[in-house]
Amino acid sequence: MPDYDKLFNIGYDRLIMESIPGFKRKPVLFAWLRALCSPFVLLYNRLMVRRAADLYNLMHDGRVFSLRAVMNDRFDTTGRRISIADAFAFDRTFIFRTDENKPLFAGTIALHNPGDYGDTGVDFIVNVPSAVPLSAQDLVEMNALVRYYKLAGKRFLIYRTI
């Protein structure tokens, strides 16, 4: 397989120096041509930064290990403590059997969070330890990153754990 990274390695100083005839290679002419090429160098640097970001996005997807790596690369580079776990899938507990048709009001007692049930809950949980410093903007960015990489139709929650 060809190495496409070599296509993007451009040494502008060498390219300028090779395009000048030998008898005209003076520091003033080289500096002038280098100044003329500076907009191209800026565009090239932007291209390389964007290319690196796009290659990073292409290397990661919605699998658990890949999503965990993206979260840890962005928010916890040293400790790598962010983890992803399957969601809770509790069954609903009823006080009476459904075939009895006898509604019994026992008050509102919450046994679990509304998202913890298997039929209406979430598919996975992103566990972020409280030792990882996150601002409100970081939580918004984490939510956007998970939405970008997750599979369509998967639901998630971000929990701050102890």
Side-chain angles (χ1 to χ4, degrees), residues 1-13 15 37-162:
M1 191 155 127
D3 187 15
Y4 292 110
D5 289 335
K6 291 181 181 178
L7 292 174
F8 292 95
N9 292 335
I10 301 172
Y12 281 97
D13 289 342
L15 185 65
C37 288
S38 65
F40 296 108
V41 174
L42 288 175
L43 287 175
Y44 170 75
N45 290 336
R46 285 185 190 170
L47 171 74
M48 294 309 289
V49 168
R50 180 60 189 245
R51 182 175 184 269
D54 288 344
L55 287 175
Y56 182 82
N57 288 340
L58 288 173
M59 288 187 325
H60 295 88
D61 55 10
R63 292 179 285 181
V64 173
F65 73 91
S66 183
L67 189 58
R68 183 178 60 229
V70 169
M71 295 296 120
N72 282 315
D73 287 347
R74 173 61 186 94
F75 299 105
D76 191 21
T77 56
T78 57
R80 306 197 65 83
R81 295 166 286 196
I82 298 174
S83 64
I84 297 175
D86 289 334
F88 303 114
F90 296 117
D91 292 329
R92 296 191 181 270
T93 306
F94 296 102
I95 297 175
F96 65 95
R97 291 182 13 189
T98 56
D99 60 345
E100 291 177 356
N101 290 330
K102 295 180 184 176
L104 176 65
F105 181 72
T108 55
I109 302 170
L111 298 176
H112 303 288
N113 291 331
D116 290 346
Y117 294 108
D119 56 349
T120 61
V122 297
D123 297 315
F124 64 94
I125 296 171
V126 179
N127 294 313
V128 182
S130 59
V132 176
L134 289 177
S135 65
Q137 181 64 31
D138 288 338
L139 285 173
V140 170
E141 186 178 348
M142 182 180 285
N143 195 357
L145 272 176
V146 173
R147 285 181 190 270
Y148 179 79
Y149 285 108
K150 75 175 181 69
L151 293 176
K154 296 288 185 180
R155 299 162 296 178
F156 68 96
L157 282 177
I158 298 174
Y159 278 162
R160 295 287 294 200
T161 58
I162 297 173

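Residue indices begin at 1 and follow the sequence shown.
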Does any non-hydrogen side-chain atom of Val41 lie less than 4.5 Å from one of Asn45?
yes
Enumerate the residue pairs fulfilling side chain to side chain donor-acceptor pair (under 3.5 Å) with a member in residues 122-132, sequence neighbours excluded, ordered by first and then second residue.
none
Decide yes or no on side chain to side chain contact (heavy atoms under 4.5 Å, CB included) for Ile82 and Val126, but give the supporting numbers first.
CA-CA 7 Å; Ile82 298 174; Val126 179; 4.0 Å; yes
Under the side chain to side chain donor-acceptor pair (under 3.5 Å) test, which residues partner Arg46, sequence neighbours left out?
none
Output all residues satisfying ring pair (Phe, Tyr, Trp, His ring centres under 6.0 Å) with Tyr149, sequence neighbours left out; order by chain, then residue number.
none
Suppose we screen for side chain to side chain contact (heavy atoms under 4.5 Å, CB included). Which residues come up paired with Asp5, at least two apart in sequence or across chains?
Asp3, Arg51
Close side-chain approach of Met142 to Leu134, heavy-atom, < 4.5 Å:
yes
Could you name each residue pair satisfying salt bridge (charged side-chain N to carboxylate O under 4.0 Å, His left out) that touches residues 134-146, not counting sequence neighbours?
Arg74-Glu141
Checking Phe156 now: which residues fulfil ring pair (Phe, Tyr, Trp, His ring centres under 6.0 Å) with it, not counting sequence neighbours?
Phe124
Using the test side chain to side chain donor-acceptor pair (under 3.5 Å), find all partners of Asp76 that sit at least two apart in sequence or belong to another chain.
Arg81
Output all residues satisfying side chain to side chain contact (heavy atoms under 4.5 Å, CB included) with Thr77, sequence neighbours left out; order by chain, then residue number.
none
Any ring pair (Phe, Tyr, Trp, His ring centres under 6.0 Å) involving residues 64-87? Give me the pairs, sequence neighbours left out, ordered by first then second residue.
none
Salt bridge (charged side-chain N to carboxylate O under 4.0 Å, His left out): pairs with one or both residues in residues 52-73, sequence neighbours excluded
Arg50-Asp54, Asp61-Arg63, Asp73-Arg80
Tell me, please, which residues at least two apart from Tyr12 pass ring pair (Phe, Tyr, Trp, His ring centres under 6.0 Å).
Tyr44
First locate atom CE of Met71, then atom OG of Ser83, and finally report the distance between them rounded to the nearest 0.5 Å.
12.0 Å
Who are the ring pair (Phe, Tyr, Trp, His ring centres under 6.0 Å) partners of Phe40, not counting sequence neighbours?
none
Could you give the distance from SG (Cys37) to CG (Leu15), rounded to the nearest 0.5 Å?
7.0 Å
